[in-house]
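Notes follow once the structure below has been shown.
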Amino acid sequence: MTSSEPRPRENQGKESRDRLNLPGYEIPPEMDGQIAITTLDRVYNFGRRSSLWPLMFGLACCAIEMICAQASRYDMSRFGMEVMRPSPRQSDVMIVAGTVTKKMVPAIVRLFNQMPEPKYVIAMGACASGGGPFKEGYNVVAGVDKFIPVDVYVPGCPPTPQALVAGMIKLQEKIDKQSLSQVRWYRKGADSVEIPVPFLGPDLIDPRNIPHIKAKSAELANPPAAENA
Amino acid sequence: MYGQGIWKGLKVTLTRFLQTYWEDLGWLLRGRKRYYSPEGIAHRSGKDNNGIFTVQYPEEDLPIPEEFRYVPFLVYDEKEDGGKDVRCTSCGICAKVCPPQCIWIVRTSDPETGRPVPVPTEFYIDADVCMNCGFCAEYCPFDAIIMDHDYEIASYERNLMNMEKLLKPASYYKSIRPQNYAFQEEARNAKEAAKAAKADADNEAH
Amino acid sequence: MTTPVSETKLEPLGERLAARFPGAVGADTRPGYSGWVVEAARLIEFATFVRDELGYDLLSSLTAVDYLPEGRMEVVYHAYKTTGGPALVFKVQVPRVDPVEVPSVISIWPGVDFQEREAWDLFGIKFIGHPDLRRILMWEGFEGHPMRKDWKEAFYEEEVKPFKSRWPDGNHVYAEQKNPYGDNIMFKPGFDPEKWTPTDPEELLYASLKNYQAESKDGIKTDQVLVNLGPQHPSTHGVFRVVVMLDGETIVRLKPVMGYLHRNHEKIGERNTFLLNMPYTDRLDYFNSMSNNWGYSMAVEKLMGIQVAERAEYIRVIMAELSRIQNHLVLIGTLLSDLGAFFTPALYAFEERELILDVFAATAGSRMMCNYHRFGGVVRDIPAEALQKIKDLSFERLPRKIEEFDRLLTENEILVSRCKGVGVLSGEDAVAYSMVGPMLRASGVPYDVRRADPYGIYERFEFDVAVRYNGDLMDRYLIRIDEMRQSVRILQQAIKQIPAGPIVSVKPQYQVRVPAGEAYGRVEGPKGELGFYVISTGKPTPWRYHVRAPSFINLTALEKMCEGEKIADFVAILGAIDIVLGETDR
């Protein structure tokens, strides 16, 4: 979280320009010794962060601000994100813009699985970050991070296009700090995050949660007889 | 002739294309900066703009109108000794009037008498639920919670804001909402003047 | 308007009905209510009478209400005449004992198709005679009927807001932690997900499509292809799914699937107080929050019986017309994107829209979710710079840019050849299918709520109701350009005439007293007639809060329009209906 002291707006332009042109490869002190960013990493990361192709995944109102961010006033193609593909096979970033409903979750997870590595997720808006104003609804999932791993959260209802661009810049900063020796897709074992697809029963069932649901449901059916105080 | 409609449309596109260069040239020749200057931004958001419309965020920024609503923040007045005089009295109206109920307030009680003390112990706003409606700021009787303008609050985790993150000085409030601040200060001073006048009148009566 | 019809020039309606349906039809005498109560057994007869002899050919809204304390469920119908005038409201009351059954009026007004399915889905009312009564917003297999008053959702905290857990001991805890399953899900006790056999929720959907035999000509069997235009697609209309049965490239059958953005607006509305509902209405048709706010505040103002401040009326009109222009601009942009002109018209449209959104941001505080109207007026006056911007826009920039759009697109041969004669819907069909808004006017029926049943101060402005007579895609595009020109005309008049004065007629407070009764407030939104049906019992929260969404109901005719068209035209036809999923699914 940013500090509570507001940043002076006059210096922001220069700051941002520096940030964009000299990507931040400084490693935070707590990770010193674990990661070394080499020149190859810089080249690799530069290529990846400068051409992030978003998956056009607008669900609700935030999708309109995403389109506005893509339109001529706040041009996202200045950052390399001009190609907004509807197909997950051709995209790098999934911008979940809008309320995630239970009926839509199987589709979202399938799309996420179909994205090739390296893949990132931005939760845009209050609804995708944490349920938003509709959190109490019976068809609403309280945040998309219940199903897929989220890299950047952009709060707001809806976040202005500038806020979304700020979120994309934060994602770019995150990408800068990744090292080839540590990335998931070049290691042995599973090279991609694949999430089991939830299905729609009497209510939404997440396959990772089945044992827990079964246990809890059995417990509720036969409440423990030891109710004595 | 077939194709005339297409040609008409293409003329429009071509005109707009050439106008982008024409405008840039015009500004260059007149020695004014069309980009990276407030004058240029005002022109590009105005009615006479015919050229490039892009506002190059983050280097350039559109001026934010005063009424703009983003996530709320709590106001504190800075005391002379550097302490924070939090305006919030934990009356709870903002928590009651919030449509998605994203404000949690713990009211302080005086440990000896048990009476409520007008300062909150804890104040949480879940920015992942907040819908930026502005009701909390609209109905706060003490002008203690105000809608912020800062939209660069993207983060790597969920955004649950506690009191420490929410407190911002009154000088910041003045800088982002000068008219509202002036209006509130006037009302406050008028109220104090009225109270002082009444006290004087009472003193005189006795 | 819910003025009982018997108070208008149809003076003897009460007697006429009593003579024709003795004992079966009576006036609704509850305090604050109006309309007629019809016995369920005579409903079809009554509906035929209403349509044929009284002339109410447009059934605008069908809603269900759950009166749990009285042990009754009610279905409320609002019917209008396309020649104009107030509504005829009639209701059917049935006991709240399963199975709850009401005869379906689909044979009389085919436009009630989706609305009856929604009543079945959310309330559990079976409509006898409906050919395809499946769930529409929730999925098949969902447990329970969510809008019933005794159905509590998983994150249920208290009956009404504000919740006591927020103050004075508001220790923050995520709602998930209070729920037994740790999330917004609930199951019957003893449910075993491993033993549960997943019945295919799509079974019924595909079954409803397979009413065709495989044709065999000269012994060659041709088969039909089932294509799923899924919730994720390049068109920007949102998460909307259509299952299409194709014969080669021609569409034979089509079924829309909705509910991917069902955000439980109506259930949340019942927990919110009247004022707290205002920001939620922004998020229905998220392009035009100004129109949504107006419709809702109109309904509540009718219940409260208060007048709106004069200046506020003008401000409302200005904002609504700006909203209409901005919506039509986006529509043209996205329609052209769907047709293949990748993004150029859309970018031009978004440029003008940004200027309008600047005005909204300076006045209301947010670009899209304006939350601007309050009961009795608006929340804030228009600042001087914003008023100057509006003047610049409506007198100089917008007329010029609309003409530019016209030149860019209207005579374009590609557009004409793709749009002329495609997706034709005749005027009678449009009225029968409860089509409203620009779609209806493009088919030759000049029904505009601003003229037919004026609200606000629209009587003071001179403007034409745009009509086109072919009912095809080209007309639907042209009518939007026409409407934008009329909106500019209204804007120019409103800016000249706006008086000084207060902007709200009652003192702003967050606990409004709303007397008991029902009200239906409708506005001519850019997509059609947007109606809010609010029932109050005198308590701080509404008893029932229903949104009559034009996008939802306009989709009823989608199948009729697309039969016989090519699959490539389908995207364009869908684009021209101008749906927005926030409204369709609520």
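By convention in this document, chain letters (A, B, ...) are assigned in the order of the sequence lines, proteins followed by strands, and residues within each chain are numbered from 1.
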Residue selection (most heavy-atom pairs with chain C, distance under 4.5 Å) from [options]:
{"options": "A:V140, A:N139, A:T101", "answer": "A:N139"}
{"options": "A:G132, A:G131, A:C68", "answer": "A:C68"}
{"options": "A:C127, A:A142, A:C157", "answer": "A:C157"}
{"options": "A:I108, A:N209, A:I205, A:V141", "answer": "A:I205"}
{"options": "A:A218, A:S72, A:S87, A:G130", "answer": "A:S72"}

Are the aromatic ring centres of C:Y280 and A:F134 under 6.0 angstrom apart?
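Ring-ring flag for C:Y280/A:F134: true, centres closer than 6.0 Å.
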Roughly how far, to the nearest 0.5 Å, is the [atom2] atom of [Y] from the [atom1] atom of [X]?
{"X": "C:N272", "Y": "A:E136", "atom1": "CG", "atom2": "CD", "value": "6.5 Å"}
{"X": "A:I213", "Y": "C:Y181", "atom1": "CD1", "atom2": "OH", "value": "7.5 Å"}
{"X": "A:I64", "Y": "C:R367", "atom1": "CD1", "atom2": "CZ", "value": "11.0 Å"}
{"X": "A:L220", "Y": "C:M186", "atom1": "CG", "atom2": "CE", "value": "12.0 Å"}
{"X": "C:H233", "Y": "A:M56", "atom1": "NE2", "atom2": "CE", "value": "9.0 Å"}
{"X": "A:L200", "Y": "C:F142", "atom1": "CG", "atom2": "CZ", "value": "10.0 Å"}

So which residue, C:G582, C:S366, C:G259, C:A346, ends up with the most heavy-atom pairs under 4.5 Å with chain A?
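That would be C:G259.
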Greatest number of heavy atom pairs closer than 4.5 Å to chain A - which of C:R271, C:E157, C:R353, C:M368
C:M368
Side-chain touch [X]/[Y], heavy atoms, less than 4.5 angstrom:
{"X": "C:Q232", "Y": "A:L55", "result": "yes"}
{"X": "A:K135", "Y": "C:F155", "result": "yes"}
{"X": "C:D358", "Y": "A:R73", "result": "yes"}

Is chain C contacted by the side chain of [X], its backbone, both, or neither, given a heavy-atom distance below 4.5 Å?
{"X": "A:A60", "answer": "both"}
{"X": "A:K146", "answer": "side chain"}
{"X": "A:P106", "answer": "neither"}

Ring-plane angle category for A:Y138 and C:W151, please: parallel below 30°, perpendicular beyond 60°, tilted otherwise.
perpendicular
For C:N184, is there any backbone N or O sitting under 3.5 Å from a side-chain donor or acceptor partner on A:K102?
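Yes, because the side chain of A:K102 sits within donor-acceptor range (under 3.5 Å) of the backbone of C:N184.
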Taking A:D203 for its side chain and C:F187 for its backbone only, find out whether a donor-acceptor pair lies under 3.5 Å.
no
Among C:V239, C:V257, C:D585, C:L261, find the one that has a side chain to side chain contact (heavy atoms under 4.5 Å, CB included) with A:K103.
C:V257
Count the heavy atoms of every other residue, nucleotide or ligand shown that sit under 6.0 Å from CH2 of A:W53, and state whether that count exceeds 12.
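Counting neighbours around CH2 of A:W53, 12 or fewer heavy atoms of other residues, nucleotides or ligands fall under 6.0 Å, so no.
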Inspect the surroundings of NZ in C:K152 and state if more than 12 heavy atoms from other residues, nucleotides or ligands are less than 6.0 Å away.
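Atom NZ in C:K152 is crowded, with more than 12 foreign heavy atoms closer than 6.0 Å.
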What one should report as the nearest heavy-atom pair of A:P133 and C:R283 is CG-NE, 4.4 Å
